[in-house]
Amino acid sequence: MIKVMIAEDNKNLCENCFEFLTNDEDIKVVSCTLDGKQTLEKYLEIKPDVLLLDLDLPKITGIEVINFLSRFSEERDKCNIIVVSGSVELLSTLCNTAQVYRVIRKPANMQYILDSIKEISFRPTEIDQKELKKLLTSLRFKVYSNNVSYLITAINVAYERPYLLNNIKDLYSVVASKHNLSPTTIKWSIRNSIGALNRSTTIDEICSIFAINHGLDSMTPKQFITLVVEYFEK
């Protein structure tokens, strides 16, 4: 059972969301709050699996809720907040926020919200490393080379924290910190790995492995890492 908390100051919208989600046997809505202060209090008391969060909450805004929770490392690492908001100017910024798994613009499709909740809750916490290396080997990567080891780290980090794919520079910085190298070194190492992929493997082969339509001339690091993350999310 997935414990979901709804924070939405529009009472009708909150009730509609509650009604829709509780029709699903995998979902238990554990709390509905109408302001940010109550949201923080209930969240810390209940510790839900997923928080559906509006930004325009009274007393304490949704942004302030996110900032407060970011003080706790265990909350930052959960990446379990789905922002549902009409505050368009803040959406792109929130895509790079650690706790925010997805940003959905109002008016929101309820089925998409439900699918996003299940996506968070049912995905494995990490990629099977043997399967990852098997996949990369099938694409003619030399999986024990330094360059490819950095690519593997990038894939694993992006899987754990998909928001980093919104800005590849942020992803390079996290990988660099794990290998005690500069982000520039990581960037060029991964680019070299993807360059080798483009030289040794045809786009048709790549599309076939990932079950996508042909539509690319070559792969960029961001495109490739995204494909691999999506491959292991299925």
Side-chain angles (χ1 to χ4, degrees), residues 1-10 12-34 36 39 42-43 46-57 61-63 65-67 69-70 74-127 155-167 170-171 210-212 222 225-234:
M1 188 70 71
I2 306 167
K3 296 190 298 181
V4 178
M5 180 175 170
I6 303 169
E8 170 58 62
D9 68 328
N10 183 315
N12 289 335
L13 185 56
C14 192
E15 289 174 355
N16 290 341
C17 191
F18 174 88
E19 195 172 316
F20 183 87
L21 293 178
T22 50
N23 284 330
D24 190 285
E25 60 183 13
D26 294 322
I27 302 292
K28 180 178 182 181
V29 178
V30 292
S31 179
C32 292
T33 56
L34 301 173
T39 297
K42 285 291 185 181
Y43 183 98
I46 298 170
K47 296 292 179 71
D49 299 311
V50 179
L51 170 62
L52 296 183
L53 180 66
D54 181 29
L55 297 184
D56 299 319
L57 296 174
T61 68
I63 293 290
V65 169
I66 293 169
N67 289 339
L69 293 176
S70 70
E74 67 271 20
E75 295 302 332
R76 281 199 306 273
D77 295 338
K78 282 182 181 178
C79 195
N80 68 333
I81 297 175
I82 297 174
V83 170
V84 184
S85 178
S87 299
V88 179
E89 67 278 2
L90 294 171
L91 298 189
S92 59
T93 302
L94 284 167
C95 284
N96 290 324
T97 304
Q99 305 100 293
V100 177
Y101 181 80
R102 180 158 293 156
V103 177
I104 301 175
R105 183 179 298 181
K106 291 181 179 178
N109 179 288
M110 291 294 183
Q111 185 60 49
Y112 184 52
I113 291 175
L114 176 60
D115 291 344
S116 298
I117 291 169
K118 291 190 174 185
E119 193 176 298
I120 293 174
S121 303
F122 294 149
R123 73 201 296 266
T125 55
E126 59 185 29
I127 293 174
I155 291 167
N156 285 315
V157 169
Y159 184 83
E160 293 168 4
R161 292 180 263 176
Y163 64 91
L164 287 171
L165 282 168
N166 292 295
N167 188 336
D170 292 342
L171 179 59
F210 290 106
I212 60 173
K222 181 177 179 178
I225 293 169
T226 301
L227 276 179
V228 176
V229 168
E230 291 174 349
Y231 179 90
F232 283 99
E233 284 180 334
K234 294 176 182 177

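FYI, side chains are in, hydrogens and waters are out, and symmetry mates aren't considered; it's all heavy atoms of this structure.
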Heavy-atom pair of closest approach, residues Ser31 and Ile46:
CB-CD1, 3.7 Å

Answer yes or no: is there a side-chain heavy-atom contact under 4.5 Å between Met110 and Leu21?
no

Interatomic spacing from CG in Leu13 to NZ in Lys106 - rounded to 0.5 Å:
5.5 Å

Check whether any side-chain heavy atom of Glu8 lies under 4.5 Å from a side-chain heavy atom of Val84, and answer yes or no.
no

Nearest-0.5 Å distance that lies between atom CG in Leu52 and atom CZ in Phe18:
12.5 Å

Check this for me: Lys42, atom NZ, are more than 12 non-hydrogen atoms of other residues, nucleotides or ligands nearer than 6.0 Å?
no

Are any of the side-chain heavy atoms of Asn10 and Asp54 separated by less than 4.5 Å?
no

One should read off an interatomic distance between Met1 CE and Ile27 CD1, to the nearest 0.5 angstrom, of 8.5 Å

Donor-acceptor pair, side chain of Asn23 and main chain of Glu19, under 3.5 angstrom
yes

Closest contact, heavy atoms only, Ser116 versus Tyr101:
O-CE2, 4.4 Å

Evaluate the side-chain proximity of Leu171 to Ile225: yes if any heavy-atom separation is below 4.5 Å, no if none is.
yes

Heavy atoms only: give me the nearest Val65-Gly36 pair and the separation to one decimal.
CG2-O, 3.9 Å

Side chain of Lys3, backbone of Lys28: donor and acceptor closer than 3.5 Å?
no

Within the structure provided, determine whether Leu55 and Thr61 are in side-chain contact (heavy-atom separation under 4.5 Å).
no

Test Ile81 against Leu69 for side-chain contact (heavy atoms from CB on, under 4.5 Å), laying out the working first.
CA-CA 10 Å; Ile81 297 175; Leu69 293 176; 4.2 Å; yes

Pair Met5-Thr39, side-chain contact (heavy atoms from CB on, under 4.5 Å): steps then yes or no
CA-CA 9 Å; Met5 180 175 170; Thr39 297; 3.8 Å; yes

Side chains of Ile113 and Ile104, heavy atoms from C-beta outward: is any pair under 4.5 Å?
yes

Within a reach of under 6.0 Å around CD of Gln111, are more than 12 heavy atoms found that belong to other residues, nucleotides or ligands?
yes

Just wondering, more than 12 heavy atoms not from Tyr231 lying within 6.0 Å of its OH?
no

In short, Ile6 meets Cys14 closest at the heavy-atom pair CG2-SG, 3.9 Å

Is it true that the side chains of Asn156 and Glu160 contain a donor and an acceptor less than 3.5 Å apart?
no

Any non-hydrogen side-chain atom of Asp24 less than 4.5 Å from a side-chain atom of Ile2?
no

In Å, rounded to the nearest 0.5 Å, how long is the span from CG of Asn80 to CD1 of Ile117?
11.0 Å

Kindly give the heavy-atom pair with the smallest separation between Asp9 and Leu34, and that separation in Å.
CB-O, 3.3 Å

